[in-house]
Student: 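This structure is in structure tokens; I'll ask about it shortly.
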There are 2 protein chains.
Amino acid sequence: MNNENYQPGLSIDCVIFGFHDNQLKILLIKTPYEDKWSLPDGFIPINEDIDTAAVTVLNERTGIEGIFLRQFATFGRVKRNDQHFGNAVLEHFKIPKEVGKWFTQRFVTIGYYALVDFLKAIPQKENSREIIEWIDHKEVPELILDHREILDKALNTLRIELNLMPIGYNLLPEKFTMPELQKLYETILDKKLDRRNFLRKINNIGILNKLDEKKSNVAHKAPNLYTFDKDKYEEVLKNGLNQGW
Amino acid sequence: MNNENYQPGLSIDCVIFGFHDNQLKILLIKTPYEDKWSLPDGFIPINEDIDTAAVTVLNERTGIEGIFLRQFATFGRVKRNDQHFGNAVLEHFKIPKEVGKWFTQRFVTIGYYALVDFLKAIPQKENSREIIEWIDHKEVPELILDHREILDKALNTLRIELNLMPIGYNLLPEKFTMPELQKLYETILDKKLDRRNFLRKINNIGILNKLDEKKSNVAHKAPNLYTFDKDKYEEVLKNGLNQGW
DNA sequence: TTTAATTGTGTTATTATGACGCAATGTAAT
DNA sequence: ATTACATTGCGTCATAATAACACAATTAAA
């Protein structure tokens, strides 16, 4: 890394959400130098928009393109990366002292969250020794720096957006069942919803196509499959729902 | 300004909202070197949290403390400050070439918006030749850089927050009338609301105290005065309204 | 064949919303 | 003083959205 080519003191952290086994998953990276995990991050090339830099991180880490990506907050407490890249870390990465200075400066980080199709997004290692995994959001281990705060804020933003926008299109596979969609909502909101009221409400939004097809290989009664109506989805995404006033 | 004491390539822009004469106002500064206006801005001391730096800008520019302040987005297109601090500008400020380099670097800016009591916030000049004024949001002149985009984004955020939170407490004087509050909502949302339905809905939130007092010196029938019930306001602010799901 | 879990499709009561009516109040014109 | 007019205060009514709940149909497993 040539320090001159990157915006100094600025980084990007991505909270990448997936949904699998009826659980919300987050893509995390194990740090090689301590027993903590980290959000996928990156720096900002001096000649790249910050949004573009975030897209780069996502492409690199998931292997897929055209991801739903949204900036949600910027974190800039002075103490947030205090001592993070200490001498031990610099040594671990065999970073020379003069270059190390770039890492130990104060960093402000811009938070993005992404919604991806779990089955299409394959965690990509940057090197063979790296560990990158989908982790259930209920089982997130200790994270470095303020990454826990960033994650919580991302989830909270998603919770609010859920009330304003039709989420799900990006997190679910093309064909999905109503119980799956409901479970997604319940997981994000962290509360139980009435099955029948949920169906009515989601139908009233008018973005779903009910297929003439049922899910196979399931216990109990086979639920119907649905797809999103892309056109109507886009329209609602623009105008929003639950306007309030 | 000693460049070493500030976070490089990062700035803060504040959209300061006030409400007066039934109109939404924005605090703007006339640039001395071209015929455009600017949002109040500032840099980030290397040893200060970004939120603190934003508070500083607000205190300096309005003369009041304890302001309602919220970060809403970060802007980082490469071209956003292209050529802004050109040689002409550096010359105008009599900035030496080597220091000027600091100003001509690429800048990412963090946007904050603030809600203030128009009558208490007195625009503060940094020097005697500076022009700083409240400008009606319908009459905002051409702004420098991407400040128009930042302003629009701030207003849009406010519009969304209006659906989630009880806004008004910070923008209105202690005692206000129902038509004033309604006009505030109409201005932010840019649409007409039914007077009677508005009253019912705002009353159902339960954050207003109806005073035994009427506004004086008004044309036509004197409207009643209200205050916010601070405790209930704080409670609703925490839990939000219009939950949706 | 029975059991248990789950899905599909309703009903009903309550609350929220949108559209509107009309009398009371206070200023300004006659 | 009387009248006209804009505005406020307090309603109604029809409709839509929401919460709570009932019951039959389906399917794997006991």
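Here is the naming used below: chain letters follow the sequence lines, and residue numbers restart at 1 for every chain.
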Student: Can you confirm whether B:Lys125 is buried at NZ, in the sense that more than 12 heavy atoms of other residues, nucleotides or ligands lie under 6.0 Å from that atom?
Tutor: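 More than 12 heavy atoms, drawn from other residues, nucleotides or ligands, come within 6.0 Å of this atom.
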Student: Whether the side chain of B:Arg200 and the base of C:dG18 hold a donor-acceptor pair under 3.5 Å is what I'd like checked.
Tutor: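 By the distance-only test, yes, there is a pair.
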Student: Could you tell me the separation between the CZ atom of A:Phe198 and the P atom of C:dT6, rounded to a whole number of Å?
Tutor: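 The distance from CZ of A:Phe198 to P of C:dT6 comes to 17 Å, rounded to the nearest Å.
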Student: Just how far, in rounded Å, is C1' of D:dT8 from CD of B:Gln182?
Tutor: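 About 11 Å, once rounded to whole Å.
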Student: Does A:Pro179 or B:Asp194 map to a spot on DNA chain C nearer the 5' end, using the closest nucleotide for each?
Tutor: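 Taking each residue's closest nucleotide, the earlier one in sequence belongs to A:Pro179.
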Student: Find the distance B:Asn224:CG to C:dG26:C1' and express it as a whole number of Å.
Tutor: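 Answer to the nearest Å: 15 Å.
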Student: Nearest whole Å is fine: how far is C:dG18 P from B:Lys191 NZ?
Tutor: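 Nearest whole value for this atom pair: 8 Å.
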Student: Test B:Lys215 against B:Glu180 for salt bridge (charged side-chain N to carboxylate O under 4.0 Å, His left out), laying out the working first.
Tutor: CA-CA 11 Å; B:Lys215 194 174 173 86; B:Glu180 282 166 359; 3.0 Å; yes
Student: How do A:Lys214 and B:Tyr226 order along DNA chain D: which one's closest nucleotide is nearer the 5' end?
Tutor: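 It is B:Tyr226, whose closest nucleotide lies nearer the 5' terminus.
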Student: For A:His220 and C:dA4, what is the distance between atoms NE2 and C1' respectively, to the nearest whole Å?
Tutor: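 Checked: the NE2 to C1' distance equals 7 Å.
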Student: In whole Å, what is the span from the CG atom of B:Asn203 to the C1' atom of D:dG11?
Tutor: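 In whole Å, D:dG11 C1' lies 14 Å from B:Asn203 CG.
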Student: Look at the side chain of B:Arg195 and decide which nucleotide, out of C:dC20, D:dC10, D:dC23, has an atom nearest to it.
Tutor: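 In terms of side-chain proximity for B:Arg195, the closest of C:dC20, D:dC10, D:dC23 is D:dC10.
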Student: Would you call the rings of A:Tyr169 and A:Phe228 parallel, tilted or perpendicular if under 30° counts as parallel and over 60° as perpendicular?
Tutor: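 The rings of A:Tyr169 and A:Phe228 stand perpendicular, inter-plane angle above 60°.
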Student: How many whole angstroms separate atom CH2 of A:Trp245 from atom P of C:dG18?
Tutor: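 Rounded to the whole Å, the gap is 10 Å.
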Student: Can you check the A:Asn217 CG to D:dA28 P distance for me, whole Å?
Tutor: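 Result: 9 Å.
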Student: For a quick check, tell me whether the side chain of B:Asn197 and the base of C:dA19 share a donor-acceptor pair closer than 3.5 Å.
Tutor: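 Side chain to base: pair present.
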Student: Give a yes/no answer on whether the side chain of A:Lys221 brings an N or O atom under 4.0 Å of OP1 or OP2 in D:dA29.
Tutor: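 It does not, given that no N or O in the side chain of A:Lys221 lies less than 4.0 Å from OP1 or OP2 of D:dA29.
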Student: Would one find a side-chain N or O of A:Lys215 under 4.0 angstrom from OP1 or OP2 of D:dT27?
Tutor: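 So the side-chain polar atoms of A:Lys215 never come under 4.0 Å of the phosphate oxygens OP1 or OP2 of D:dT27.
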Student: If only side-chain N and O atoms of A:Lys201 are considered, is one of them under 4.0 Å from the OP1 or OP2 phosphate oxygen of D:dT18?
Tutor: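 Yes, because at least one side-chain N or O of A:Lys201 sits under 4.0 Å from OP1 or OP2 of D:dT18.
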Student: Check the surroundings of atom CD in A:Glu34: do more than 12 heavy atoms from other residues, nucleotides or ligands lie under 6.0 Å from it?
Tutor: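 It does: A:Glu34 CD has more than 12 such atoms within range.
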Student: Is the ring pair B:Phe118/B:His20 parallel, tilted or perpendicular, if the boundaries are 30 and 60 degrees?
Tutor: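 Plane angle under 30°, so parallel.
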Student: Determine the contact category for A:Asn204: base if any of its heavy atoms lies under 4.0 Å from a base atom, sugar-phosphate if only primed atoms, P, OP1 or OP2 are that close, otherwise nothing.
Tutor: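 Nothing: the residue A:Asn204, judged by heavy atoms under 4.0 Å, touches no strand.
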Student: Do A:Arg196 side-chain and D:dA22 base share a donor-acceptor contact under 3.5 Å?
Tutor: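 Counting by modelled atom types and ignoring angles, a donor-acceptor contact under 3.5 Å is found here.
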